[in-house]
J.: 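Below you will find the structure I want to go over with you.
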Protein chains: 2
Amino acid sequence: MKIGELARATDTKVETIRYYEGAGLLAPPPRTGGNYRSYGSDELSRLSFIRRARDLGFSLDEVRELLTLADDRDQPCGAVDAVASSHLATIERKIADLAQMRDELARVIGSCRLGKVGDCKIIQTLEPMRGAARG
Amino acid sequence: MKIGELARATDTKVETIRYYEGAGLLAPPPRTGGNYRSYGSDELSRLSFIRRARDLGFSLDEVRELLTLADDRDQPCGAVDAVASSHLATIERKIADLAQMRDELARVIGSCRLGKVGDCKIIQTLEPMRGAARG
DNA sequence: CTTGACCCTATAGTTGCTAGAGGGTGCATA
DNA sequence: TATGCACCCTCTAGCAACTATAGGGTCAAG
């Protein structure tokens, strides 16, 4: 399998696959006579794994860790659970942060579409001291 | 006011202030005899504005746009509202994406803390074809 | 007159790719 | 045989938004 086929099969760009190789997530595959990378079904599985983990928001470092853990199939999977749980906590923190932004923005949007910038609630939210400091 | 004081007053790192200057968000301030940047209360207001906007998740491009709009205080503020609304939509999309990740992760976490990696639901979620392809 | 806190510029590193330059390979077709 | 085309190769630079480092200069206090 050439890199382009692997790319199509996993919905990944060719450059991204080479990048993953450089980043140590994929081992350098054997080459053809013309120096083309040649992949088998193991690499297809591994890249699919990586893509799914990335889709779930795991960082490349976390993916590396999960790949290492996944290869030790007889180990207890508490370590896997720990990586995933910590990632879940990160996601929940991000959601909370974004929800707060959303609420703040929603509160001021739409309240001054027809007014002037000088009275705009959005601008006032951003520069709360300007009125006080300038009179 | 020297850059360090401005940094403390706005909870911003010194390097970030210099970066904002290079990025065109803050004008180059006057210098002292010793070539130190010298800021006044206008810059404090402007940097506070930038920080608040950044806290709300606006990109530097959006901040630049908001700053330009905010300076035209007699203009109607429909354009401000448009920037904020589009940003709100982006935030809501991010929240939805993260919520989906959270749900998928939460579904598999905690179900196999005592099992082996070979049976781990988290790993299975990531490599759904391995079982089929390998027996 | 030296210590220490602060400031300066310029450059490289971070994450996770993506895009480009400048070239080689391999197959079909004229 | 030549030529075109899709595909592959390496290397390097670019993106956001900083952060950190190197290697210096300034200034007030002791």
Side-chain angles (χ1 to χ4, degrees), chain A residues 1-26 28-39 43 46-47 49-67 83 86-87 90-91 94 97-98 101, chain B residues 1-40 43 46-47 49-67 83 86-87 90-91 94 97-98 101:
Chain A
M1 203 187 210
K2 283 188 288 182
I3 197 169
E5 301 170 67
L6 180 61
R8 278 188 292 279
T10 55
D11 198 24
T12 307
K13 300 206 173 175
V14 166
E15 293 82 10
T16 304
I17 297 176
R18 289 197 282 247
Y19 171 77
Y20 286 164
E21 184 180 322
L25 289 156
L26 294 171
R31 302 289 181 114
T32 66
N35 199 30
Y36 287 11
R37 286 172 179 81
S38 177
Y39 296 99
E43 280 91 351
R46 194 172 173 92
L47 182 52
F49 184 108
I50 295 169
R51 297 301 286 175
R52 279 165 185 271
R54 295 287 300 126
D55 283 348
L56 284 171
F58 287 97
S59 70
L60 291 191
D61 272 354
E62 287 167 332
V63 175
R64 241 185 300 268
E65 202 174 339
L66 288 172
L67 281 166
V83 172
S86 142
H87 179 53
T90 302
I91 288 179
K94 278 187 190 162
D97 287 351
L98 287 170
M101 289 182 200
Chain B
M1 203 186 209
K2 283 189 288 181
I3 197 170
E5 301 170 66
L6 180 61
R8 279 187 292 279
T10 56
D11 198 24
T12 307
K13 300 205 172 174
V14 166
E15 294 80 11
T16 305
I17 297 176
R18 288 196 282 248
Y19 172 77
Y20 286 164
E21 184 181 320
L25 288 156
L26 293 171
R31 300 292 180 111
T32 68
N35 199 30
Y36 287 10
R37 287 172 180 81
S38 176
Y39 297 99
E43 281 90 353
R46 194 173 172 92
L47 182 52
F49 184 109
I50 295 169
R51 297 301 286 175
R52 279 165 185 271
R54 295 288 301 127
D55 283 348
L56 284 171
F58 287 97
S59 70
L60 290 192
D61 272 354
E62 288 168 331
V63 175
R64 241 185 299 268
E65 202 174 339
L66 288 173
L67 281 166
V83 172
S86 142
H87 179 53
T90 302
I91 288 178
K94 278 187 189 160
D97 286 351
L98 286 171
M101 289 182 199

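Note that the coordinates shown come from a computational prediction; the quantities given were computed from them, not determined experimentally. Every chain is numbered from 1 and lettered A, B, ... according to where its sequence line falls, protein lines coming before strand lines.
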J.: Nearest nucleotide by nearest heavy atom, which residue falls closer to the 5' end of DNA chain D, B:Tyr36 or B:Arg51?
T.: B:Arg51
J.: With a 4.0 Å cut-off, would you call B:Arg64 and B:Asp61 a salt bridge?
T.: yes
J.: Could you tell me if the side chain of A:Arg54 sits less than 4.5 Å from the side chain of A:Leu60, heavy atoms only?
T.: yes
J.: Distance check: side-chain N/O of B:Arg37 vs OP1/OP2 of C:dC7, anything under 4.0 Å?
T.: no
J.: Tell me which residues in residues 6-30 of chain B put a heavy atom below 4.0 Å from DNA chain C, sorted by number, or none.
T.: B:Arg18
J.: Which is more 5' along DNA chain C, the nucleotide nearest B:Glu5 or the one nearest A:Gly33? Just name the residue.
T.: B:Glu5
J.: Determine the contact category for B:Thr32: base if any of its heavy atoms lies under 4.0 Å from a base atom, sugar-phosphate if only primed atoms, P, OP1 or OP2 are that close, otherwise nothing.
T.: nothing
J.: Could you measure the distance from the OG1 atom of A:Thr12 to the CZ atom of A:Arg18? Nearest 0.5 Å is fine.
T.: 13.0 Å
J.: Does B:His87 reach the main-chain N or O of B:Leu56 with its side chain, forming a donor-acceptor pair under 3.5 Å?
T.: yes
J.: May I ask you to test the B:Tyr39-B:Leu47 pair for a side-chain heavy-atom distance under 4.5 Å?
T.: no
J.: Once you round it to whole Å, what is the distance between P of C:dG16 and CG of A:Leu56?
T.: 15 Å
J.: Using a 4.0 Å cut-off to any heavy atom of chain A, which nucleotides of DNA chain D are the first and last in contact, reading 5' to 3'?
T.: D:dC7 to D:dT10
J.: Can you tell me the distance, in whole Å, between the CZ atom of A:Arg31 and the C1' atom of C:dG24?
T.: 13 Å
J.: Return the angle between end axes of the helix from C:dC1-D:dG30 to C:dA30-D:dT1, with five pairs used per end and rounding to 10°.
T.: 40°
J.: Can you tell me how far apart CG (A:Leu98) and CG (B:Leu98) are? Round to the nearest 0.5 Å.
T.: 6.0 Å
J.: Could you tell me whether the phosphate oxygens of C:dT15, OP1 or OP2, come under 4.0 Å of any side-chain nitrogen or oxygen in A:Arg54?
T.: no
J.: With rounding to the nearest 0.5 Å, note down the distance linking CD1 in A:Ile3 to CD in A:Glu15.
T.: 8.0 Å
J.: Applying salt bridge (charged side-chain N to carboxylate O under 4.0 Å, His left out) as the test, list every pair that has at least one member in residues 24-40 of chain B; sequence neighbours left out.
T.: B:Glu21-B:Arg37
J.: Checking B:Tyr20 now: which residues fulfil side-chain hydrogen bond (donor to acceptor under 3.5 Å, both in side chains) with it, not counting sequence neighbours?
T.: B:Arg51
J.: A:Asp97: which residues meet the side-chain hydrogen bond (donor to acceptor under 3.5 Å, both in side chains) condition with it, sequence neighbours left out?
T.: none
J.: Flag the pair B:Ile50 / B:Leu26 as yes when at least one side-chain heavy-atom distance between them is below 4.5 Å, and no otherwise.
T.: yes
